[in-house]
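Attaching a single structure in structure tokens format; questions to follow.
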Amino acid sequence: MRRTSSFLFSAAAAVLAGTMPALAAWQPQKPIEFVATAGPGGGTDNLARAVQNIITKYKLTDQPIVVVNKGGGSGAEGYVYGKASAGDPYKVIFGTSNAWQQPLVSKVAFNYTDLTPIAAMAQDEFLLWVKQDAPYKTAGDYLKAAASGEFKMGGAQSKDTDEVLTRMIEKVGHVKLTYIPFKSGAEAAVQLAGGHIDSHVNNPSESLGQWRGGTQRPLCAFSPKRLPQGPKITTTEGWSDVPTCVEQGLDIAQYEQPRTVWLPGKVTPDQTGFYVDLMKKVQATPEWKDYIEKTSQVDTFLTGADFDKFIKQDLEHLKQVASEQGWLIK
């Protein structure tokens, strides 16, 4: 499965300098709620709080912003909440591709078309993580050990991106893994540190603290090339030191997850335009650049027709895997 985005937002300085089009006429008149469709500490929660902090620091709106977590039902809770808030521009939903993936594989009370897309703001990488003291040094070693059939793979939510990747690892590596879903990647990291699972496929930001703290380490990255060089995470290693999975004998060349932002349905074009411009201004800040570098994500900005095209292409990829797993809703 290949998830890429070729539309990079490159006018960051111009946005803050005011050379981009002015904000839409609509302006928020009361507090705004950022709804993270995952538990605290996961990648979705981290994104919502990073955006909140930047908006607050630069006073990009006069209204206060609060982040709430609604990660129940593998994130469905947050999307159903957004659907029920139709016409309310003060509910901003942060999610991933699960906004359109979940209705394909689970009986949930929403569809992504019930929401108003704002933007896909980043593509998040995936890595294969094990405990710090695990005996395997490479992904190839891991697969040999996993052939015992007793390995437990943790992940954020079920029938979502983490489980899709797990099933791809099974197919390519000719192994069988017991997948255990948690509310967030942060929970999966805690479970791995405690030895309750054997591995997980967290995004970089979700296990950064554990790698730095010496409780777990990445074996490989599901990327066609090594991740960009950034600040060291441990005293000796950073993201660019992690080999690609293909280098280590796990033939999945690329797997990424979009970080997405939505409004409820039935909002006005002016309200949608306000948040599109607001997110562009967020991306123009040095704090956003720092967030992207520290979490080793790919900075993107898809909105409008480009975002819609990406969703439809991604759904086609998912249908293939979901069909193989017998997940498709009849």
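In this chain, residues are counted from 1 in sequence order. The model shown is predicted, which means the values in this text are computed figures rather than measured ones.
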Query - Check: Thr300 and Met121 side chains under 4.5 Å, non-hydrogen atoms - result: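 Of all side-chain heavy-atom pairs linking Thr300 with Met121, none is under 4.5 Å.
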
Over 60° means perpendicular and under 30° means parallel, so tell me whether Phe126 and Tyr255 are parallel, tilted or perpendicular.
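Ring orientation, 0 to 90° scale: perpendicular.
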
Does the ring center of Phe34 lie less than 6.0 Å from the ring center of Tyr81?
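Aromatic pair excluded; centres sit 6.0 Å or further apart.
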
- Please name all residues satisfying side chain to side chain contact (heavy atoms under 4.5 Å, CB included) with Gln132, sequence neighbours left out, ordered by chain then number.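 For Gln132, the residues satisfying side chain to side chain contact (heavy atoms under 4.5 Å, CB included) (neighbours in sequence not counted) are Arg217.
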
Is the ring pair Phe274/Trp26 parallel, tilted or perpendicular, if the boundaries are 30 and 60 degrees?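 Phe274 vs Trp26 ring planes: perpendicular.
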
How long is the gap from CD on Glu170 to CG on Leu177, to the nearest 0.5 Å?
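If we round to the nearest 0.5 Å, Glu170:CD and Leu177:CG are 5.0 Å apart.
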
Are the side chains of Glu163 and Arg167 in contact, using a 4.5 Å heavy-atom criterion?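 Arg167 reaches Glu163 side chain to side chain.
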
### Query
Is there a path from Leu315 to Leu165 through hydrophobic residues (I, L, V, M, F, W, Y) whose side chains come within less than 4.5 Å of each other?
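Yes, same cluster.
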
Contact list for residues 61-71, test side chain to side chain donor-acceptor pair (under 3.5 Å), sequence neighbours left out:
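Residue pairs passing side chain to side chain donor-acceptor pair (under 3.5 Å), neighbours aside: Asp45-Asn69, Arg49-Asn69.
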
> What distance separates Ile169 CD1 from Asp251 CG, expressed to the nearest 0.5 Å?
Replying inline: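 With rounding to 0.5 Å, CD1 (Ile169) is 12.5 Å from CG (Asp251).
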
Determine, using the 4.5 Å side-chain heavy-atom cutoff (strictly less than), whether Leu227 and Leu250 are members of one ILVMFWY cluster.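 Per the 4.5 Å side-chain linkage, Leu227 and Leu250 are not co-clustered.
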
Taking Ser223 for its side chain and Gln254 for its backbone only, find out whether a donor-acceptor pair lies under 3.5 Å.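 The answer is no, because no donor-acceptor pair under 3.5 Å joins these two groups.
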
Residue Lys294 excluded, over 12 heavy atoms near NZ under 6.0 Å: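 Not more than 12 within 6.0 Å, no.
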
Just grab all the side chain to side chain donor-acceptor pair (under 3.5 Å) pairs involving residues 228-238, residues at least two apart or on different chains.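 For residues 228-238, and leaving out neighbouring residues, the side chain to side chain donor-acceptor pair (under 3.5 Å) pairs sorted by first residue read Lys232-Asp241.
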
| query | With clusters built from Ile, Leu, Val, Met, Phe, Trp and Tyr whose side-chain heavy atoms come within less than 4.5 Å, directly or transitively, what are the remaining members of the cluster of Val190, listed by chain and number? | reply |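 Hydrophobic cluster check, Val190: no partners found.
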
Review point. Is a donor on one side and an acceptor on the other found under 3.5 Å between the side chain of Thr244 and the backbone of Pro224?
Key: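 No, because the side chain of Thr244 does not come within donor-acceptor range (under 3.5 Å) of the backbone of Pro224.
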
All side chain to side chain contact (heavy atoms under 4.5 Å, CB included) counterparts of Thr138, not counting sequence neighbours =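 Expected list: Asp141, Gln248.
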
Query raised in the report: With sequence neighbours excluded, what pairs up with Trp100 under the ring pair (Phe, Tyr, Trp, His ring centres under 6.0 Å) test?
Result: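 Per chain and number, Trp100 pairs via ring pair (Phe, Tyr, Trp, His ring centres under 6.0 Å) with no residue.
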
Can Lys30 be said to sit on top of Tyr90's aromatic six-ring, NZ or CZ under 6.0 Å from centre and within 45° of the ring axis?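 Lys30 over Tyr90 ring: yes.
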
Review point. Is any side-chain heavy atom of Asp299 less than 4.5 Å from a side-chain heavy atom of Trp288?
Key: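 With C-beta onward as the side chain, the pair touches.
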
Fill in: Pair Phe151 + Tyr142: ring centers closer than 6.0 Å
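Yes: the rings meet the under 6.0 Å criterion.
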
I want to check something: taking the side chain as every heavy atom from C-beta on, are Trp129 and Leu192 in contact at a cut-off of under 4.5 Å?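 Trp129 reaches Leu192 side chain to side chain.
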
Nearest-0.5 Å distance that lies between atom CD1 in Ile292 and atom CD in Glu287:
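That separation rounds to 13.0 Å.
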
(request) Determine yes or no for a side-chain-to-main-chain donor-acceptor pair under 3.5 angstrom, with Gln313 supplying the side chain and Phe310 the backbone. (result)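 No, the answer is negative, given that no donor and acceptor are paired below the 3.5 Å cut-off.
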
- Message: One pair to check against salt bridge (Lys or Arg N to Asp or Glu O under 4.0 Å): Lys309 and Asp306. What are the steps and the verdict?
- Response: CA-CA 5 Å; Lys309 179 181 177 181; Asp306 292 334; over 6 Å; no

Are Leu47 and Thr44 packed together at the side-chain level, in the sense that at least one heavy-atom pair is separated by less than 4.5 angstrom?
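A side-chain contact under 4.5 Å is absent here.
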
Derivation of the salt bridge (Lys or Arg N to Asp or Glu O under 4.0 Å) call for Arg259 and Asp124:
CA-CA 7 Å; Arg259 295 288 174 193; Asp124 212 346; 2.9 Å; yes

